[in-house]
Amino acid sequence: MFGETAVPLIDTAKRTRKTQNVSLYEGDKVREILDEISILQDQSLNNQSLDDLNNPDDETKLLIQLVQNHNLKVLKLYHSQRSEKVKFFAIQELPLSQETRLKLSERERIFHSKYSDLLRKYKCEYPPSLNLSATLVPPKEALTAVRVLKDIGDLMTQNGYVEFRKGTQAIVRKTDPTIEKLLKLGYLKIVGNKESSIINPI
């Protein structure tokens with residue numbers, strides 16, 4: 001039955017979506033789906049009989065279109081998922097093992113090679129801070145509360161101007177270079193996210 005040809009690819013996509021391992025490229029299944037789409041396309045355009053369908057009415061035409069769209073979506077999902085894994089290998093600069101290469105289609109191997117070359121050129125032209133292969137780890141806390149141990153006065157921080165008076169607290173960004181330096185010098189002390197006696201930025 002039309003539409004059932006895509007089921008194996010759906011199962012594969014579901015089974016492998018949460019792993020970075022790539023499965024064997026199912027070229028035969030892909031070709032079967034493409035053949036089915038082509039047959040349905042001919043049926044829709046030429047209005048010719050297909051099996052027991054003679055001069056399909058509007059309802060049948062709609063059904064054919066739905067099956068075509070379904071098949072196209074499955075193909076896009078399957079190849080998109082695989083291309084993301086291939087890009088992951090390239091971004092992490094992971095060499096393709098012989099086993100992995102055998103699981104990829106010829107076009108996927110070419111894509112990996114060209115994408116890797118593109119990344120290398122990118123890294124040569126831009127600073128290390130823009131390294132796409134770097135692991136992105138978000139800070140556990142974007143803001144933190146600090147207690148002022150020594151009078152500092154008004155300072156420009158990433159939150160704006162803050163008045164640091166001894167004995168008071170302020171909400172600041174822990175990753176702010178100015179705050180990091182004051183913490184190391186002993187002018188400030190992290191006390192947690194307390195809201196009492198907090199100084200707002202000027």
For this session: Give the cluster check for Ile110 versus Leu118: same hydrophobic cluster or not, with ILVMFWY residues linked at side-chain heavy-atom distances below 4.5 Å.
Result: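 Ile110 does not cluster with Leu118.
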
Could you tell me the separation between the [atom1] atom of [X] and the [atom2] atom of [Y], rounded to the nearest 0.5 Å?
X	Y	atom1	atom2	answer
Glu32	Asn71	CD	CG	11.0 Å
Leu155	Ile179	CG	CD1	7.5 Å
Glu93	Leu119	CD	CG	8.0 Å
Ile39	Gln68	CD1	CD	11.0 Å
His112	Leu104	NE2	CG	8.0 Å
Phe164	Ile152	CZ	CD1	6.0 Å

Side chains of [Y] and [X]: any donor to acceptor distance under 3.5 Å?
X	Y	value
Glu26	Thr12	yes
Ser97	Thr100	yes
Thr175	Glu180	no

Exercise. Apart from Leu24 itself, what residues make up its hydrophobic cluster, given side-chain heavy atom links below 4.5 Å?
Worked result: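 Members other than Leu24 - counting any ILVMFWY side chain reachable under 4.5 Å - there are none.
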
For this session: Would you mind listing the cluster partners of Leu34? Hydrophobic ones only (ILVMFWY), side-chain contacts under 4.5 Å, chaining allowed.
Result: Leu9, Ile10, Tyr25, Val30, Ile33, Ile37, Leu72, Val74, Leu75, Tyr78

Problem set entry | Whether over 12 other heavy atoms sit under 6.0 Å from Phe111 CZ |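 It does: Phe111 CZ has more than 12 such atoms within range.
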
Exercise. Counting only heavy atoms not in Lys103, do more than 12 fall under 6.0 Å of its NZ?
Worked result: yes

Treating [X] as the side-chain partner and [Y] as the backbone partner, does any N or O pair qualify as donor plus acceptor under 3.5 Å?
X	Y	result
Asp151	Lys166	yes
Arg82	Ala13	no
Arg101	Arg109	no

Pair [X] + [Y], salt bridge at N-O below 4.0 Å:
X	Y	result
Glu84	Lys87	yes
Lys85	Glu108	no
Asp117	Arg120	yes

Problem set entry | Side chain proximity check, Ile190 to Leu183, heavy atoms < 4.5 angstrom | yes

Exercise. Taking C-beta and beyond as the side chain, do Val191 and Gln169 meet within less than 4.5 Å on heavy atoms?
Worked result: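 Side chain of Val191 against side chain of Gln169, heavy atoms only: contact under 4.5 Å found.
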
